Asks: 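I'd like to ask some things about the structure below.
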Amino acid sequence: IPDCDEVFNYWEPMHFLIHGFGLQTWEYAPQFALRSYAYLAAHAVPAKLAGLMLGGDKVLQFYGVRTFLAVGCAWSEARFVAAIRRQMGDGIAR
């Protein structure tokens with residue numbers, strides 16, 4: 001496991017949300033409730049959509065979330081550069 005925090009704090013609890021089973025870390029347990037499921041729910045939507053569109057394969061759900069995040073990041077970066085170009089000119093935006 002390359003990054004145990006990413007796996008056990010995000011992917012496993014999201015799997016629990018989507019599929020109804022999986023590992024739950026103590027931070028998400030009701031008796032402690034240190035983390036909210038709201039952040040995971042926002043990521044569970046594209047995972048669920050990818051699962052519905054691509055046949056429910058869990059690997060494709062994983063890549064669906066990663067693709068969604070990549071497209072969102074690229075879009076926001078492009079908007080940021082466009083805003084810098086409008087406000088400060090081409091020289092700064094490059």
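Predicted model, so just to flag it, every value in this text is computed and none were measured.
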Asks: Give a yes or no on this: more than 12 heavy atoms of other residues, nucleotides or ligands lie within 6.0 Å of atom OH of Tyr39.
Replies: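 No, OH of Tyr39 has 12 or fewer neighbouring heavy atoms, counting only those of other groups under 6.0 Å.
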
Asks: Hey, could you give me the CG/CD distance between Leu34 and Glu27, rounded to the nearest 0.5 Å?
Replies: 6.5 Å

Asks: Report yes if some heavy atom in the side chain of Tyr37 is under 4.5 Å from a heavy atom in the side chain of Leu17; otherwise report no.
Replies: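 The answer is yes, as the side chains (C-beta and beyond) meet within the 4.5 Å cut-off.
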
Asks: Enter the distance from Asp5:CG to Trp11:CH2 here, rounded to the nearest 0.5 Å.
Replies: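 Spacing of CG (Asp5) from CH2 (Trp11) equals 14.5 Å.
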
Asks: Considering residues at least two apart in sequence or located in another chain, which fulfil the side chain to side chain contact (heavy atoms under 4.5 Å, CB included) criterion with Arg85?
Replies: Val81, Asp90, Ala93

Asks: How long is the gap from OH on Tyr28 to OH on Tyr10, to the nearest 0.5 Å?
Replies: 5.5 Å

Asks: Which residues, ordered by chain and number, are linked to Ile92 in its hydrophobic cluster, where ILVMFWY side chains connect at heavy-atom gaps below 4.5 Å, directly or through other members?
Replies: Phe80, Ile84, Met88

Asks: Rounded to the nearest 0.5 Å, what's the gap from CG on Asn9 to CG on Leu40? Could you check?
Replies: 9.0 Å

Asks: Output a table of donor-acceptor pairs, distance under 3.5 Å, between side-chain atoms of residues 44-66 and any protein atom two or more places apart or on a different chain; print 'none' if there are none.
Replies:
from	atom 1	to	atom 2	distance (Å)
Asp57	OD1	Val59	N	3.3
Lys58	NZ	His15	NE2	3.4
Gln61	OE1	His19	NE2	3.0
Gln61	NE2	Ala47	O	3.4
Arg66	NH1	Glu6	OE2	2.9

